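In the text below, chain A, chain B and the rest are named by the order of the sequence lines, each starting its count at 1. Please read these numbers as outputs of a predicted model, since none were measured by experiment.
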Protein chains: 2
Amino acid sequence: MDKRKMKYLPHKTIERLSQYRRALLLCQANGKTHIFSHEIATIQHITAVQVRRDIMLIGYTGTLRKGYNIADMISLIGKILDSEKVQNIAIIGMGNLGVAITKYFSGKRTKLEIAAAFDVNPVKIGKKYSGVECYHINQIIKIIKEKDISIGIITVPSTETIIIKNILVKSGIKGILNYTPKPVNVPDDVYLEEYDMTTSLEKVAFFVKMH
Amino acid sequence: MDKRKMKYLPHKTIERLSQYRRALLLCQANGKTHIFSHEIATIQHITAVQVRRDIMLIGYTGTLRKGYNIADMISLIGKILDSEKVQNIAIIGMGNLGVAITKYFSGKRTKLEIAAAFDVNPVKIGKKYSGVECYHINQIIKIIKEKDISIGIITVPSTETIIIKNILVKSGIKGILNYTPKPVNVPDDVYLEEYDMTTSLEKVAFFVKMH
DNA sequence: AATTTATTGTTAATTAATTAACAGCAAAAG
DNA sequence: CTTTTGCTGTTAATTAATTAACAATAAATT
């Protein structure tokens with residue numbers, strides 16, 4: 001799978017590849033070596049056609065009547081999603097959410113690493129969270145340069161979102177994942193992803209109500 | 001806006017309505033009374049056409065050259081998204097994530113209320129988190145019935161996801177928001193939404209790498 | 001009072017995402 | 001050895017979502 005082709009993978013396919021990989025890793029841990037498209041589909045609540053289509057797009061082929069080789073697929077998805085060298089991540093805001101993310105994520109992917117945490121609370125500074133050291137927020141620019149961090153996760157109170165976003169942009173960050181409910185604007189060369197739990201919850205509530 | 005029409009609102013529009021409302025509430029808090037489609041668009045990182053289209057779909061009309069009345073729009077979105085009576089929510093798993101969600105959400109929406117929290121840790125049971133009482137997990141079915149809870153948020157360790165999902169389904173829950181990385185299957189009459197932070201992070205990492 | 005400007009509302013066009021349809025074929029069954 | 005079965009890979013069709021285009025018009029400007 002060459003780089004030219006990867007660029008044109010649909011966004012939704014990128015998301016699903018990440019999900020497939022997690023599902024496949026679990027299956028592998030359970031001792032499975034092969035898997036059918038309809039099995040992946042059931043796990044992910046999608047159709048088998050969609051799974052096969054995504055797999056087609058990344059240029060992998062399974063074995064007729066035997067399914068897909070799990071190890072091969074994990075490795076191929078890694079070639080697509082992962083960077084060759086480790087991508088370092090900073091997490092800003094060590095409240096419950098920041099700690100939850102750090103705890104959940106640390107050690108999960110070899111090519112993605114939470115390299116630093118930041119907060120303003122003196123009690124937290126110097127402490128380690130799941131092995132990640134917490135620095136004072138006024139160190140962000142320095143540490144980001146030192147540790148070659150390219151991605152920032154914002155988990156501060158939403159009153160601080162914009163300030164932090166500006167610092168991150170100034171520090172030359174390449175991607176931001178904003179978990180606060182305050183949407184931000186970033187320059188074109190910074191990739192931005194935002195998630196607000198309220199949207200998901202209100203959506204569930206809406207469809208429950210409509211039943 | 002009658003119920004028949006609401007059913008046919010595109011899923012993406014539902015999500016955006018939730019986001020518009022939050023943006024509008026913020027603007028309102030800042031003393032604004034009217035807003036243009038392109039202003040909403042900028043906040044949400046989408047196009048003005050899309051905003052106008054969504055607004056058209058919900059049957060609201062603005063004033064030419066004056067924009068949309070913020071209070072009216074908030075109220076209309078409420079009529080669409082919110083249920084007439086309060087929808088009660090249970091959150092299962094009072095780890096960092098569960099606490100973060102409870103803290104962030106409590107008191108945010110008058111028609112959605114976190115009515116109970118659950119955990120197995122004796123230290124947590126009986127405690128209140130942002131005013132929400134924490135019960136032992138073996139009380140789920142009882143409390144869900146008693147408090148008329150229709151939505152469950154799962155934030156337990158992923159080893160426990162399926163057990164909890166099964167309890168929730170058994171208790172007659174109508175909607176599940178699964179924040180654990182283990183995908184679950186539910187009967188057709190239960191609305192399911194899943195979110196895994198890893199997908200967002202790997203997506204950001206991918207587009208950063210591809211820059 | 002006429003003209004320009006800025007904005008809404010909506011239809012049409014386009015693009016993105018999903019699903020249907022089916023040929024090809026290896027393995028299993030008869 | 002022939003037929004059936006069940007799965008893959010792919011093209012074509014469909015559906016969903018977004019964007020373009022523009023008429024209508026109130027307000028601002030000349």
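Comment: R22(A) engages D196(B) in a salt bridge, judged by a side-chain N to carboxylate O separation of less than 4.0 angstrom. Here R21(A) pairs with E202(B) in a salt bridge; the nearest charged N to carboxylate O distance falls below 4.0 Å. Between D148(A) and K85(A) there is a salt bridge, since at least one side-chain N of the basic residue sits less than 4.0 Å from a carboxylate O of the acidic one.
Between the CE atom of M56(B) and the C1' atom of dT19(D) there is a distance of 13 Å, rounded to whole Å. Following rounding to the nearest Å, D54(A) (CG) and dA16(C) (P) show an atom-to-atom distance of 16 Å. Atom CZ in R52(A) sits about 14 Å away from atom C1' in dC25(C), given to the nearest Å. One interatomic measurement links the two molecules: CG of L64(B) to C1' of dT5(C), which rounds to 11 Å at whole-angstrom precision. K66(A) has its NZ atom 15 Å from the C1' atom of dC25(C), to the nearest Å. The distance between atom CD of Q44(A) and atom P of dT18(C), rounded to the nearest whole Å, is 13 Å. Remark: P of dT7(C) and CD1 of I55(B) are 14 Å apart, rounded to the nearest angstrom. In this structure, L57(A) places its CG atom 11 Å from C1' of dT10(D), rounding to the nearest Å.
Distances from the side chain of R53(A) to the nucleotides dT19(C), dT7(C), dC7(D) place dT19(C) closest. Closest to the side chain of T61(B), from the set dG9(C), dT11(D), dT8(D), is dG9(C). Side-chain proximity of V49(A) to the nucleotides dA20(C), dA17(C), dC7(D) is greatest for dA20(C).
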Original post:
Would H211(B) and D189(A) count as a side chain to side chain donor-acceptor pair (under 3.5 Å) if you check the C-alpha gap in whole Å, the side-chain angles of each, and the deciding distance to 0.1 Å?
Top reply: CA-CA 8 Å; H211(B) 107 180; D189(A) 59 334; over 6 Å; no
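Residue-level contact check: S37(B) touches the backbone only, with heavy atoms under 4.0 Å from sugar-phosphate atoms and none from bases.
Judged by atom type and distance alone, R65(B) does not reach the base of dT25(D) through any side-chain donor-acceptor pair under 3.5 Å.
In this pair, Y179(A) and Y195(B) present their aromatic rings perpendicular. The plane angle is above 60°, beyond the 30 to 60° band.
OP1 or OP2 of dG9(D) sits under 4.0 Å from a side-chain N or O of Y68(A). Distances shown here put a side-chain N or O of R16(B) below 4.0 Å from the OP1 or OP2 atom of dT18(D).
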